[in-house]
A.B. asks: 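Structure incoming, see below.
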Amino acid sequence: MIVAIDGPSGAGKSSVSVEVARELGFACLDTGAMYRSVAWQAVHDGIALDDAQRLGEIARTYEIAFAHEPGNPKPVGVSIGGVDVTQAIRTAEIDRAVSPVSAEPSVREALVAQQQRIGRSGDYVVEGRDIGTVVFPEAPVKVFLTASNEARAQRRVLQNEQRGVGSTDFEEVLADIIRRDEYDSSRAASPLRPADDAVHIDSSDMTIEEVIAQICDLVRERS
Ligand code: DC
């Protein structure tokens with residue numbers, strides 16, 4: 001079974017997905033990490049971020065792999081072409097590079113096919129931007145998770161502090177979130193938008209436990 005969780009960056013998708021997966025005994029698939037891995041490879045190889053052909057080649061040829069630990073729904077690492085990029089894909093440089101890379105249709109086509117293959121292999125909570133609309137339109141539970149710009153920036157700063165990577169400057173993070181939302185929502189290929197049958201949850205004034213409980217209730221109702 002697939003639980004699709006879409007929404008803008010910083011809405012809490014990652015933390016919520018892991019805990020929902022833990023509670024339900026599912027695994028997690030972070031599709032943003034896959035777009036970030038392709039962006040990292042492009043930057044590493046010195047490829048122009050508007051070189052559609054080379055970006056598509058990277059997405060089609062390099063293997064993206066998640067490292068799993070028994071009993072932990074959250075992968076402990078991600079690699080592309082055998083290189084561990086778990087930390088490297090969370091830098092401000094990759095935050096900027098990932099928008100043009102993820103707007104490229106040939107990149108999306110290759111990664112969506114991989115995501116569908118992974119998701120069909122078991123029970124997954126899948127988080128991203130187009131999971132309910134494009135990747136798994138048949139998912140029985142689709143959530144569109146949002147929060148105010150300020151709440152999202154505040155959470156991203158805390159997350160970056162905890163990870164020890166990425167910007168911890170509130171204004172810089174806020175500006176990046178707004179810029180990425182605009183880019184992700186206005187791009188031609190699979191723009192960020194809720195599926196018609198998605199349940200909207202605004203997490204600005206909710207605790208993470210409340211969001212998790214609401215999603216788990218939805219899954220139990222529909223399974
Ligand atoms: O969730 P995230 O911030 O790690 O995602 C990184 C970027 O990848 C984000 O700018 C949007 C893009 N993305 C996407 O276009 N489609 C997805 N399914 C997941 C992420």
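In each ligand, atom 1 is the first atom listed, and ligand 1 is the first ligand listed. Keep in mind that this is a model prediction, so the values were computed, not measured. Along the sequence shown, residues carry numbers from 1.
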A.B. asks: What about Thr31: any of its N or O atoms under 3.5 Å from an N or O on ligand 1?
C.D. replies: yes
A.B. asks: Can you check whether Ser9 has an N/O within less than 3.5 Å of an N/O in ligand 1?
C.D. replies: no
A.B. asks: Are a donor atom and an acceptor atom from the side chains of Ser102 and Arg180 found within less than 3.5 Å of each other?
C.D. replies: no
A.B. asks: Closer than 4.0 Å to some heavy atom of Asp184 - which atoms of ligand 1 meet that?
C.D. replies: 9 (C), 10 (O), 11 (C)
A.B. asks: Do the non-hydrogen side-chain atoms of Thr31 and Leu111 ever get within less than 4.5 Å of each other?
C.D. replies: no
A.B. asks: Scan the side chains in residues 65-72 for donor-acceptor partners under 3.5 Å anywhere in the protein, sequence neighbours excluded, and list what turns up.
C.D. replies:
| unit_1 | atom_1 | unit_2 | atom_2 | d |
| --- | --- | --- | --- | --- |
| Glu69 | OE1 | Asn72 | ND2 | 3.4 |
| Asn72 | OD1 | Lys74 | N | 3.1 |

A.B. asks: Please examine the side chains of Asp30 and Ser17, heavy atoms only from C-beta on, and report whether any two atoms are closer than 4.5 Å.
C.D. replies: no
A.B. asks: Indicate yes or no: at least one non-hydrogen side-chain atom of Glu127 is less than 4.5 angstrom from one of Asp6.
C.D. replies: no
A.B. asks: Return the closest protein heavy atom for atom 4 (O) of ligand 1 as residue, atom name and distance.
C.D. replies: Arg36 NE, 2.7 Å
A.B. asks: Using a 3.5 Å cut-off on N or O atoms only, is Asp30 in polar contact with ligand 1?
C.D. replies: no
A.B. asks: Classify the contact between Glu104 and ligand 1 as side chain, backbone, both or neither, using a heavy-atom distance cut-off of under 4.0 Å.
C.D. replies: neither
A.B. asks: Which residue and non-hydrogen atom of the protein lie closest to atom 20 (C) of ligand 1, and at what distance in Å?
C.D. replies: Gly32 CA, 3.6 Å
A.B. asks: What atoms of ligand 1 come closer than 4.0 angstrom to any heavy atom of Tyr35?
C.D. replies: 8 (O), 13 (N), 14 (C), 16 (N), 17 (C), 18 (N), 19 (C), 20 (C)
A.B. asks: Can a donor-acceptor pair be found, under 3.5 Å and without considering hydrogens, that links the side chain of Lys142 to the backbone of Pro137?
C.D. replies: yes
A.B. asks: Looking at Ser102, which atoms of ligand 1 are within less than 4.0 Å of one of its heavy atoms?
C.D. replies: 12 (C), 15 (O)
A.B. asks: Using a 3.5 Å cut-off on N or O atoms only, is Arg156 in polar contact with ligand 1?
C.D. replies: no
A.B. asks: Counting each atom of ligand 1 from 1 as listed, which ones have a heavy atom of Arg108 under 4.0 Å away?
C.D. replies: 14 (C), 15 (O), 16 (N), 17 (C)
A.B. asks: Any chance you could lay out the side-chain hydrogen bond (donor to acceptor under 3.5 Å, both in side chains) test for Gln114 and Arg117, step after step, and finish with the verdict?
C.D. replies: CA-CA 5 Å; Gln114 284 190 40; Arg117 241 188 339 266; 5.1 Å; no
A.B. asks: Of the side chain and backbone of Met34, name the one, both, or neither that has a heavy atom under 4.0 Å from an atom of ligand 1.
C.D. replies: neither
A.B. asks: With Ile47 as reference, evaluate Gln41, Arg54, Gln53 under the side-chain contact (heavy atoms from CB on, under 4.5 Å) test and give the passing residue.
C.D. replies: Arg54
A.B. asks: Sequence neighbours excluded, which residues qualify as ring pair (Phe, Tyr, Trp, His ring centres under 6.0 Å) partners of Phe144?
C.D. replies: His200
A.B. asks: Does an N or O from Arg129, backbone or side chain, lie closer than 3.5 Å to an N or O of ligand 1?
C.D. replies: yes
A.B. asks: Do Glu127 and ligand 1 have an N or O pair less than 3.5 Å apart?
C.D. replies: no
A.B. asks: Of all the non-hydrogen atoms in the protein, which one sits nearest to atom 18 (N) of ligand 1, and at what distance?
C.D. replies: Asp130 OD1, 2.8 Å
A.B. asks: Do the charged groups of Asp130 and Arg108 touch, with an N to O distance under 4.0 Å?
C.D. replies: yes
